[in-house]
Number of protein chains: 2
Amino acid sequence: MEHWDEVRTAYQVARQGTVSGAADALGVHHATVIRHIDALESRLGVKLFQRHARGYTPTESGQDLARVAQATEDQLSQLAGRIKGRGADVSGDLMVTSIIEISDFIVPILARFQEAHSDLTVRYLTDARVFRLEYGEAHVAIRAGAAPEEPDNVVQPLMKLDIGLFASQAYIKRHGLPKDESDLANHWFVGSDNVDSRAPFQMWLRRHVPYDRVVFRTTETQSMLHAIREGAGIGFVARHRGKADPSLTEVMPPVEEWSPQLWIVTHVDLHRTAKVQAFVSHLKEAVRVSELAKS
Amino acid sequence: MEHWDEVRTAYQVARQGTVSGAADALGVHHATVIRHIDALESRLGVKLFQRHARGYTPTESGQDLARVAQATEDQLSQLAGRIKGRGADVSGDLMVTSIIEISDFIVPILARFQEAHSDLTVRYLTDARVFRLEYGEAHVAIRAGAAPEEPDNVVQPLMKLDIGLFASQAYIKRHGLPKDESDLANHWFVGSDNVDSRAPFQMWLRRHVPYDRVVFRTTETQSMLHAIREGAGIGFVARHRGKADPSLTEVMPPVEEWSPQLWIVTHVDLHRTAKVQAFVSHLKEAVRVSELAKS
DNA sequence: CATACAGTGTGGTTTTTTGCACAGGAGTTT
DNA sequence: AAACTCCTGTGCAAAAAACCACACTGTATG
């Protein structure tokens, strides 16, 4: 039972009772309808209709086919409705991925977006590996660093991540604060365990401080923050978070170079959908508001 | 959502994950698959798949479509199985029609046929109007008289209906028996109420007996038999029935002309089906056996 | 009873669809 | 690192399907 189109025409013939009527309903020539029926019957080896001057009367088999095709048509039309609706609505799943470092910034935004769209299920994905938009692993990615250049991806700038260098009260009590940039080499640091880290502040740190001064190294940003709080060393923290933490003091004014650019990345195939559009604008708006609050 | 073939193509792409795989599965060129997907997506205004170098990954909408299409395929393949099975099996309905006059001959044959095919439902149709094979009103018709000549009908001779002229004991006691053919005009008859009856024995009666000698007229054969038994007049009865009835006496040897030819008529579209073939041969066999028993 | 009508069926033409060949990109293996 | 494999995508040719026109037939109608 291949050639589903023929089933559809047979269904219309059974409904209308005539080839001409079916042809009208389907918007094709009646000769086409006749040939579809003939082909279907000869393939099945069974007569689906009895032909007479007043039209076509379905046999038992024809009636059976009509019942099944009716169900199919119903399901397909419902499907079409759902799909078109989904194109226009904001519903279903929204999969967002980002580097873990900005999760505390992204999560509240996602939560508020979900509140605004009750039909939506938000899935926030962070992992060591990058999720690939072109395989449908995520709808929207927030990437840091140089502008991504994969083909088929739509890239827009989101914001610069404001990074500061912080030390805890405990650390300051023990070692004091660096007097200036050149004094940094005499201090102790919390940093990434990854020597190849592409994060600009880590690269800056490697240039300005001997690697053996980075005495606490971890792969997890979360642990890095804890280590700084515990006084294990001076380290980089998002400024909005560091300033909100009373146990932390900013060591020096932030250097422009530290701040990585964040990008919104979406796949072309999904970029135009209402869901993605809605989220992207929600995200931009949230950023705009928080920048406003800052100044 | 027209073009069901495209849905089927999209379904295979979702299943296989690649255009090439789907093309193989469908037995078409991969370019065709690509064009089907493109057409379907542009018609729906929604991306069903995300394209990448490793193949096509279904979006939410694509997955939804795949689910629906899966169900459709299942149903259609079941349908095909049923239909092909029905072509080979003897099952479903068997609609047989005949003139009411021979119902007592046909009904036992039908009953035995149904016994032999437990999946079959037998429907025996008799009515004043003729049921038309070309409208699918019956699968097999048993017609009397001249060979039917409608196009698209397959006609085969079945048998000659053996008709005799009978009178009841009550009638004979009152009026005696006709001495010869010319004496018939002095007797009383039971006949059809229909002056135009095409039944050959009725036409014979009209030629050999004044119409006012037909003193009991009825439209129903059943009633005719009753009237003869009650002594209302001499009348025509199927010989196998008349002879089996002890209250009836055959008035004269049957005239060749009385016996109408019976025909098996089927519609070409259904003639080749196993069901019709099985019944037709069953019917012929039953007739052959009863003829054998007669001689 | 003749006529109009609605519907089927078929040969020839046109349009659409499919198939083919090749280019190009991405992952994999040696 | 280079060759290999698998997959997508597109212009062009071939094949198939659809369309058109006309013939034909049974049915209803005045």
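Chain letters run A, B, ... following the sequence lines, proteins first and then strands; every chain starts at 1. Keep in mind it's a predicted model, so treat the numbers as computed, not measured.
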Test: B:Arg86 and A:Asp64 ion pair at under 4.0 Å | yes
Which residue pairs pass the salt bridge (Lys or Arg N to Asp or Glu O under 4.0 Å) test when at least one of the two sits in residues 19-39 of chain A, sequence neighbours left out?
-> A:Asp38-A:Arg51
Describe, in one word, how the ring planes of A:His52 and B:Tyr135 are oriented to each other, choosing from parallel (under 30°), tilted (30 to 60°) and perpendicular (over 60°).
-> tilted
Residues in ring pair (Phe, Tyr, Trp, His ring centres under 6.0 Å) with A:Tyr211, at least two apart?
->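 Applying ring pair (Phe, Tyr, Trp, His ring centres under 6.0 Å) to A:Tyr211 gives none.
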Separation of atom [atom1] in [X] from atom [atom2] in [N], rounded to whole Å:
X	N	atom1	atom2	value
A:Gln50	C:dG7	CD	P	19 Å
A:Arg51	D:dT27	CZ	P	17 Å
B:Asp38	D:dG11	CG	P	13 Å
A:His52	C:dG9	NE2	C1'	15 Å
B:Ile37	C:dT18	CD1	P	12 Å
A:Gln16	C:dT8	CD	C1'	16 Å

Protein-to-nucleotide contact annotation, 5' to 3' order, nucleotides 24-30 of chain C [B base; S sugar-phosphate only; - none; under 4.0 Å, heavy atom] | --SSS--
Which letter, B, S or -, goes with each nucleotide of nucleotides 12-21 of chain D from 5' to 3', with contact meaning a protein heavy atom under 4.0 Å?
-> B-----SBBB
With B:Phe279, which of B:Val122, B:Leu94, B:Val90 fulfils side-chain contact (heavy atoms from CB on, under 4.5 Å)?
->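 For B:Phe279, the side-chain contact (heavy atoms from CB on, under 4.5 Å) check succeeds only for B:Leu94.
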Tell me whether the OP1 or OP2 atom of C:dA6 has a side-chain N or O from A:Tyr56 closer than 4.0 Å.
-> no
Any B:Val265 side-chain heavy atom under 4.5 Å of B:Val140 side chain = no
Kindly indicate whether the side chain of A:Thr273, heavy atoms from C-beta on, has any atom under 4.5 Å from the side chain of B:Lys47.
-> no
With sugar-phosphate meaning primed atoms plus P, OP1 and OP2, does A:Ser20 contact a base, only sugar-phosphate, or nothing at under 4.0 Å between heavy atoms?
-> base
Would B:Ser98 and B:Tyr124 satisfy side-chain hydrogen bond (donor to acceptor under 3.5 Å, both in side chains), going step by step from the backbone distance to the final call?
-> CA-CA 8 Å; B:Ser98 80; B:Tyr124 180 51; 2.6 Å; yes
Overall bend - the helix from C:dC1-D:dG30 to C:dT30-D:dA1, comparing terminal axes fitted on five pairs, nearest 10 degrees | 30°
What are the two closest heavy atoms between A:Val46 and A:Ser61, and how far apart are they?
-> CG1-OG, 3.6 Å
Are more than 12 heavy atoms from other residues, nucleotides or ligands located less than 6.0 Å from atom CZ of B:Arg272?
-> no
Using side chain to side chain donor-acceptor pair (under 3.5 Å) as the criterion, list what pairs up with A:Gln261, not counting sequence neighbours.
-> none
